[in-house]
Structure formats: structure tokens, C-alpha cells
Amino acid sequence: MTEDIKKACEVMAAGGIILYPTDTIWGIGCDATNEKAVQRVYELKRRTDNKAMLVLMDSEAKLDRYVSDVPDIAWDLISVSDKPLTIIYSSAKNLATNLLGADGSVGIRITNEEFSKKLCERFRKPLVSTSANVSGEPSPANFSEVSEVIKEGVDYIVSYRQDDMSKAAPSGIIKLGAGGLVQVIR
């Protein structure tokens, strides 16, 4: 795992994209502050950049660096969630602009899974985490279901957990709006 993390960080620091296991499904990742790397992910997924991608972080303590106003309810949701939860915040900052929603929002998930958490800690920046599939195709439940198009399009494929055949599920998604509005997306 240590060598995978080191190599993945080197690739992302150079603007590359990776295929890696997350706290949910296998994902395509890159430096969430690098617009060129984010654009490469959109191109690989054959997806327009008007559909935002989410960001993975290792600690809620880093939220203030990337969200202008973290509503109080967000802290409560993070602390009580017993499964992976993506929260959409309305006021992103310090992230690649092509990563954000048209309204400036961003979805962020705090990971507690061992590999992705250590990867985020070592990289010291948020990571793009989008499902490892071409847009419109089913999301892979495990590494064996990732298409060759995706595998050939990334700069590095993490070895860790490739043999794990358990079926992972995507995260829950909640959007936080003005006045404490909470909208369940998934």
C-alpha cells in the first residue's frame, strides 16, 4: 500500500490521473486544484464539464480551506453518518473551477477507508473522486468491472484491493442550501 500511495501522489503532483479504490467504488482521481488534470478526467469519462465531480478529503478539519461557509448542520451530518456521505456545499473555494457546479457548489466526502484516507493525507490536497466508468455506463462495483477504456486512459492504476470482489455501493448525497435547507439527492 505504501508504494501505491507514493506513486499515486507523484503522478497526481505531475498533473496525472489515477485509478484507485475509495471508501465506496473504484474511482478516477486527480489533484482537485489542477484544472488541466480535472479536464483530463472529464475527457476520459467522455462527460461534459457542466456536471460537477466530487472531492475526497481525509479530514473534516480541512473543509474550511475549500468551502467558504460550512453550515453547522454539516458538522452534525458528518459526525453521525455511519456510511460514506457526500455533502454538497454551496460556496466552494481554492478548487479547480471546472470541478464545480454551475452555481459554484462542490460535493465533498470525508473518507475513513484506510487507503483513500492515507492517500489524501500524503497528497495534502483534496482529490477528485468520480466513478471509474465512461459517462452513461454502469459504475463498477469492484476493480474487475472497470472497463479497459478507463484502465488505458489513466496514468497510474493502484494495485491495492484489485482482488477485492466485494460489491461496493456509491455514497449517499445530501445538498445543503440556504437557511438550513437539507435536500437528499441519493
Side-chain angles (χ1 to χ4, degrees), residues 1-49 51-63 65-67 84 86 92-100 106-166 168 170-171:
M1 178 182 355
T2 303
E3 192 57 36
D4 266 333
I5 289 172
K6 179 182 175 192
K7 181 66 177 168
C9 288
E10 289 170 2
V11 167
M12 290 187 297
I17 59 178
I18 65 169
L19 177 61
Y20 70 114
T22 73
D23 53 341
T24 58
I25 59 178
W26 274 76
I28 301 169
C30 70
D31 176 350
T33 67
N34 182 328
E35 288 194 22
K36 288 181 181 175
V38 170
Q39 184 59 41
R40 286 192 57 213
V41 174
Y42 282 120
E43 290 167 5
L44 177 59
K45 288 184 67 75
R46 299 179 188 153
R47 181 171 154 182
T48 59
D49 63 4
K51 189 171 180 192
M53 294 185 289
L54 72 88
V55 171
L56 206 60
M57 291 185 199
D58 60 297
S59 170
E60 61 270 10
K62 296 179 180 176
L63 275 174
R65 293 184 205 168
Y66 301 100
V67 177
T86 300
K93 63 180 182 180
N94 302 321
L95 295 167
T97 55
N98 58 341
L99 178 64
L100 310 180
V106 65
I108 297 176
R109 187 170 73 243
I110 308 300
T111 181
N112 289 311
E113 182 271 331
E114 182 182 22
F115 181 84
S116 56
K117 186 174 185 76
K118 286 182 179 179
L119 180 62
C120 290
E121 287 171 354
R122 171 92 184 249
F123 193 58
R124 295 192 179 115
K125 292 182 188 177
L127 307 179
V128 165
S129 182
T130 185
S131 57
N133 62 308
V134 171
S135 192
E137 293 181 0
S139 298
N142 53 49
F143 180 77
S144 69
E145 294 181 8
V146 177
S147 75
E148 288 304 312
V149 170
I150 298 296
K151 291 176 185 175
E152 292 168 7
V154 298
D155 301 304
Y156 182 70
I157 300 173
V158 169
S159 298
Y160 183 74
R161 279 188 32 211
Q162 283 187 14
D163 57 351
D164 180 356
M165 292 305 186
S166 58
S171 70

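Position 1 is the first residue of the sequence, and the numbers go up from there.
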**Student:** Please find the pair of heavy atoms, one from Ser159 and one from Asp4, that lie closest to each other, and give the distance.
**Tutor:**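 Smallest heavy-atom distance, with atoms named: N-OD2, 3.0 Å.
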**Student:** Grab the two heavy atoms, one from Val106 and one from Ala92, that are nearest each other, plus how far apart they are.
**Tutor:**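 Looks like CG1-CB, 3.4 Å.
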**Student:** Under the salt bridge (charged side-chain N to carboxylate O under 4.0 Å, His left out) definition, can you give me all pairs with a residue in residues 32-44, not counting sequence neighbours?
**Tutor:**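 Non-adjacent pairs meeting salt bridge (charged side-chain N to carboxylate O under 4.0 Å, His left out): Arg40-Asp155.
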**Student:** Are any of the side-chain heavy atoms of Ser135 and Tyr42 separated by less than 4.5 Å?
**Tutor:**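 SC-SC contact between Ser135 and Tyr42 ruled out.
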**Student:** Hey, could you give me each pair passing salt bridge (charged side-chain N to carboxylate O under 4.0 Å, His left out) that has a residue in residues 7-25? Not counting sequence neighbours.
**Tutor:**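 For residues 7-25: Asp23-Arg109.
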**Student:** Considering all heavy atoms of both residues, which atom of Leu99 and which atom of Ala52 are nearest to each other, and what is their separation?
**Tutor:**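 Between these two residues, the closest heavy atoms are O-CB, 3.3 Å.
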**Student:** Please give me the minimum heavy-atom distance between Tyr20 and Val158, naming the atom from each residue.
**Tutor:**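 Result for this residue pair: CB-CG2, 3.7 Å.
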**Student:** Rounded to the nearest 0.5 Å, how far does CG of Asn98 lie from CG of Asn34?
**Tutor:**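 Interatomic distance, Asn34 CG to Asn98 CG, rounded to 0.5 Å: 9.0 Å.
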**Student:** Once rounded to the nearest 0.5 Å, what's the spacing between atom CD1 of Ile157 and atom CD1 of Ile28?
**Tutor:**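 Between Ile157 CD1 and Ile28 CD1, I get 10.5 Å after rounding to 0.5 Å.
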**Student:** Strictly by salt bridge (charged side-chain N to carboxylate O under 4.0 Å, His left out), give each pair with a member in residues 140-149 just once, sequence neighbours left out.
**Tutor:**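 Salt bridge (charged side-chain N to carboxylate O under 4.0 Å, His left out) check on residues 140-149 returns Glu145-Lys167, Glu148-Lys151.
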**Student:** Output all residues satisfying side chain to side chain contact (heavy atoms under 4.5 Å, CB included) with Val149, sequence neighbours left out; order by chain, then residue number.
**Tutor:**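 Residues passing side chain to side chain contact (heavy atoms under 4.5 Å, CB included) with Val149: Arg46, Val134, Ser147.
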**Student:** Do Ser171 and Thr24 get their side chains close enough for a donor-acceptor pair, meaning under 3.5 Å?
**Tutor:**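 Not at all, the side chains of Ser171 and Thr24 share no donor-acceptor pair under 3.5 Å.
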**Student:** How long is the gap from CE on Met57 to CG on Leu127, to the nearest 0.5 Å?
**Tutor:**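 If I round to the nearest 0.5 Å, the distance is 9.5 Å.
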**Student:** For Asn133, is there any backbone N or O sitting under 3.5 Å from a side-chain donor or acceptor partner on Lys45?
**Tutor:**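 Yes; at least one donor-acceptor contact below 3.5 Å.
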**Student:** Mind checking side-chain hydrogen bond (donor to acceptor under 3.5 Å, both in side chains) for Thr2 and listing every partner two or more places apart, or none if nothing turns up?
**Tutor:**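 Per chain and number, Thr2 pairs via side-chain hydrogen bond (donor to acceptor under 3.5 Å, both in side chains) with no residue.
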**Student:** Going by the rule side-chain hydrogen bond (donor to acceptor under 3.5 Å, both in side chains), which residues pair with Ser116 if we only count those two or more places apart in sequence or in a different chain?
**Tutor:**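 Counting only residues at least two positions away or on another chain, Ser116 forms a side-chain hydrogen bond (donor to acceptor under 3.5 Å, both in side chains) with Thr111, Glu113.
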**Student:** With sequence neighbours left out, what residues match Asn94 under side chain to side chain contact (heavy atoms under 4.5 Å, CB included)?
**Tutor:**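 Partners of Asn94 by the side chain to side chain contact (heavy atoms under 4.5 Å, CB included) criterion, ordered by chain and then number, come out as Tyr66.
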**Student:** Do you know the tightest heavy-atom contact between Ile25 and Ser131?
**Tutor:**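 Taking Ile25 first and Ser131 second, the nearest heavy atoms are CD1-CB, 3.5 Å.
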**Student:** Could you pull out all residues at least two apart from Ser144 that satisfy side chain to side chain contact (heavy atoms under 4.5 Å, CB included)?
**Tutor:**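 Per chain and number, Ser144 pairs via side chain to side chain contact (heavy atoms under 4.5 Å, CB included) with Asn142, Met165.
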**Student:** Compare every heavy atom of Gly16 with every heavy atom of Cys30, then report the nearest pair and how far apart it is.
**Tutor:**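 Smallest heavy-atom distance, with atoms named: CB-O, 3.7 Å.
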**Student:** Are any non-hydrogen side-chain atoms of Ile108 and Val55 less than 4.5 angstrom apart?
**Tutor:**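 Counting from C-beta outward, Ile108 and Val55 do come under 4.5 Å.
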**Student:** Taking ring-ring contact (aromatic ring centres under 6.0 Å, His included) as the definition, give me every residue that meets it alongside Phe143, ordered by chain and number, with sequence neighbours left out.
**Tutor:**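 Applying ring-ring contact (aromatic ring centres under 6.0 Å, His included) to Phe143 gives Trp26.
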**Student:** Using atom types as modelled and distance alone, determine if a side-chain donor or acceptor of Arg47 lies under 3.5 Å from a backbone N or O of Gly136.
**Tutor:**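 Not confirmed, Arg47 side chain does not pair with Gly136 backbone.
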**Student:** Just list the side-chain donor-acceptor pairs under 3.5 Å for residues 117-126, sequence neighbours left out, or say none.
**Tutor:**
residue	atom	partner	partner atom	Å
Lys117	NZ	Asp58	O	2.7
Lys118	NZ	Glu114	OE2	3.4
Lys125	NZ	Asp31	OD2	3.1

